[in-house]
Every structure is written in C-alpha cells, then in structure tokens.
There are 2 protein chains.
Amino acid sequence: MENNHKHFKTPSPCNCLNIRRASRAVTHFYDKILQPSGLTISQLSLLKHLKQVEPITISELANIMRIDRTTLNRNMKSLVDHGLITITPGQDPRTRQVMMTSKGTATVNNASQLWDKAQASVKDYLGETDLAILVKLLSKLEALVP
Amino acid sequence: MENNHKHFKTPSPCNCLNIRRASRAVTHFYDKILQPSGLTISQLSLLKHLKQVEPITISELANIMRIDRTTLNRNMKSLVDHGLITITPGQDPRTRQVMMTSKGTATVNNASQLWDKAQASVKDYLGETDLAILVKLLSKLEALVP
DNA sequence: GTTATCCGTGTGTATATGCACGTATGATGA
DNA sequence: TCATCATACGTGCATATACACACGGATAAC
C-alpha cells in the first residue's frame, strides 16, 4: 500500500512559517524545472506579464504584478543585461518605457514550455480539487494586507 | 450584507506566483505586528526554535528549521550583533554552539505576545476549518521538494 | 505665473534565500 | 601512519524583497 503521509512534512505552529516554507519549496521546484531556460520563475513571471502589456512604465507594471516598484526595478536589471528587455525614456520624461526584445520573446516562449510542465506537475501532485481550494485560500491570504 | 469577495485578489494562472504573493503578504502582516519587538517573523522563528533546542550546532538547527544552513548562518549575524544569541566553539572543533542570551529570551517572550495576536488574526480571518485545510495543503506542498 | 503638491524613478540600506567553492577537522580504512 | 572520505562551517556570488529618502518633472491651486 502506498505510504501517503510520506508526502507531508510536520507543519509549524506558525502559520507564517508554514507558508514561507511552502513558498520556498514551490519556488525551488519551478526554478529547477526552468533551469534549462536560464530564467527563474520570478524572471519568467516578469516577462510574461510584460509580454501582455508592453510597452508600459515601471510603476504600472509593478502595479499589475502586485510587487514593489523598487523590487521590480532591480529585478529588471539582469534582464536588461541579458538583452531580454529594454528600458527607454517614456513620453512623460519622468517615466521609463519597458519593452521586450526579440530575444526576450524567444526566451519566454521557450521557458513557457517548461513552465507548463511545472504547472501540470503541481496539478497532478495536489489534484485539481485541492489545487482550486489552495488557489482560493492563497488569494484570500494575499488580501490580508491591503 | 457583507461583501466577502472584497477579501480576494485575482489569482495568477501561475501556481508558484500565487503562493509567492501570499507568502509576501503574510510575512508583511506578521512583520508589521511584530515591529514593536524589533524582530521580524524570520528572526522570531529562529529564536523560538533555538529556545527549544539550545545549545545546538548551526547545521542541526538548520535541519530542524528546514532552512538552508548558509541562510541560517547569515540570519544569525544580526541577532549576534544585537546580543540576542551567542555563537561559541563547540566540543567538536568543527562545530559552533549557538545559545540564547538572557536578552534574547526576554525579547522572544515579548515578541511572542505579539505573535499570538498575529496568529489569532489569521485564524479569525480564514476560519478554523479553512486554516486547517491550508496548513495541510502547505505541508504537502513543502514536500514537493525532497 | 508662481507656489505647492503629487507622481515616477533611482539608490542606500537591510533582510532573506541558496548554490558553489574552499577550508579545517574528525573518522575510517589500508 | 597516512590517505581517503565525510562533516561542519564560512564566504563569494546572485537573486529577491521592500522601506526610506532624494531628485526632477508634471500638475494643480491661487
């Protein structure tokens, strides 16, 4: 008989620690699968969002991604260095316009195939029902902070 | 009638991004509440674990906390600087012995009262049933990575 | 039009995370 | 004994996160 409880690790009494651990594990899982693409899940997420809304300013992209503006700013650095995106002055001189390069598009397309596998693995692992429950709980948790 | 869906934010199609966002939000929630204690939830977690098993070596503590050894190493630095813990040579000269100071004990006791509030808030927010479901799903997710 | 305010951005600082590599020491085996 | 292996640790590097602050430009108030 299958020993199912091997899949579980003893949770902490701290709710926060539990979600932080799970977040680290899932991030590691995705990063490992994405490794051949040269992108982390954080970077792929950035590129995927950008692909849908480019050209866009930094602050607007940060809003859409629901991430801190300055964090996004720094996370873009390596993508610029690798020639995946460009940052140019916007029409309003205060703003900066973020766009994907063709290399960026190619990279995200390649990485997306790996991402699909990771997504499918998680779905298989949790099952569709539990995954849906998880997503709902996580989105509620995210709203814990306004 | 209560408008419950205000509590939710649109989830991403990416399972990983969802848990990362939730993790950031919950961490921020705890850190804010813990702020008067001068500790982050990460630091409090370290001290709480240490309190239960001290004296202990760095690698053993890392194992118990299920965190990377080198991450733990660096996270301890500020706690040493603030005089909350001490790191001394262990009996096996390769090892280092981590212990709490009296100031560390006092600080963790103080912070734990704030932590109780954060825990209660989350329990109230999700409800006991959903929280139990969440904890189970998170512990399974953590096991996604061996 | 000048002043006050708001907005978009960049950077300093701090924490958090973990991989790769090097070093020192204990343990083991020939 | 000495060579090999395993263990414990520290550090360089890279990424991720976000708060506080400053700067410059747009916009509104008057």
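Note on naming: letters A, B, ... go to the chains in the order of the sequence lines (proteins, then strands), and numbering restarts at 1 for each one. No experiment lies behind these values; they were computed from the predicted model shown.
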Asks: What does the B/S/- profile of nucleotides 7-17 of chain C look like, 5' to 3', with a 4.0 Å heavy-atom cutoff to protein?
Replies: BSBBBBB-SSB
Asks: Without decimals, in angstroms, what is the distance between A/Leu72 CG and D/dC19 C1'?
Replies: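 Those two atoms, CG and C1', are 16 Å apart.
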Asks: Using OP1 and OP2 only, check whether a side-chain N or O of B/His28 sits under 4.0 Å from D/dT17.
Replies: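 Result: no.
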Asks: Just checking, is any N or O donor in the side chain of B/Thr27 or A/Arg20 under 3.5 Å from an acceptor N or O on the other one?
Replies: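 B/Thr27 vs A/Arg20: donor-acceptor pair found between side chains.
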Asks: How would you list, by chain and number, every residue that makes a side-chain hydrogen bond (donor to acceptor under 3.5 Å, both in side chains) with A/Asp130, sequence neighbours excluded?
Replies: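 side-chain hydrogen bond (donor to acceptor under 3.5 Å, both in side chains) check on A/Asp130 returns nothing, list empty.
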Asks: How many Å lie between CD1 on B/Ile19 and P on D/dA16, as a whole number?
Replies: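 It works out to 17 Å between those atoms.
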Asks: Which donor-acceptor pairs under 3.5 Å do side chains of residues 74-89 of chain A form with protein atoms, sequence neighbours excluded?
Replies:
unit_1	atom_1	unit_2	atom_2	d
A/Ser78	OG	A/Gln43	NE2	3.4
A/His82	ND1	A/Ser78	O	2.7

Asks: Could you tell me how far apart A/Leu47 (CG) and D/dA16 (P) are, to the nearest whole angstrom?
Replies: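 Interatomic distance, CG of A/Leu47 to P of D/dA16: 11 Å.
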Asks: Anything under 3.5 Å between a donor and an acceptor, one on a side chain of residues 46-54 of chain A, the other on a protein residue two or more places apart or in another chain? List them.
Replies:
unit_1	atom_1	unit_2	atom_2	d
A/His49	ND1	A/Ser45	O	2.8
A/Lys51	NZ	A/Asn109	OD1	3.0
A/Glu54	OE1	A/Met100	N	2.7

Asks: Tell me: CZ of B/Arg21 to P of D/dT17, nearest whole Å?
Replies: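 It is 11 Å, rounded to the nearest whole Å.
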Asks: Taking only residues two or more places apart in sequence, or in another chain, which ones meet B/Asp68 in a side-chain contact (heavy atoms from CB on, under 4.5 Å)?
Replies: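 Here the qualifying residues are B/Thr70, B/Thr71.
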Asks: Return the value, rounded to whole Å, for the distance between atom NZ of A/Lys32 and atom P of C/dG18.
Replies: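 Nearest whole value for this atom pair: 12 Å.
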Asks: Assess whether a salt bridge exists between A/Arg66 and A/Glu142, defined as any Lys/Arg side-chain N lying under 4.0 Å from an Asp/Glu carboxylate O.
Replies: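 Salt bridge: yes.
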Asks: Output the residues of residues 105-119 of chain A in contact with DNA chain C, where contact means a heavy atom of the residue under 4.0 Å from an atom of the strand; sort by number or write none.
Replies: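 Per residue number, the list is empty: none.
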Asks: First locate atom CG of B/Asn15, then atom CG of A/Leu134, and finally report the distance between them rounded to the nearest 0.5 Å.
Replies: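 That separation rounds to 7.5 Å.
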Asks: Under 4.5 Å between any side-chain heavy atoms of A/Leu17 and B/Ile41, yes or no?
Replies: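 Counting from C-beta outward, A/Leu17 and B/Ile41 never come under 4.5 Å.
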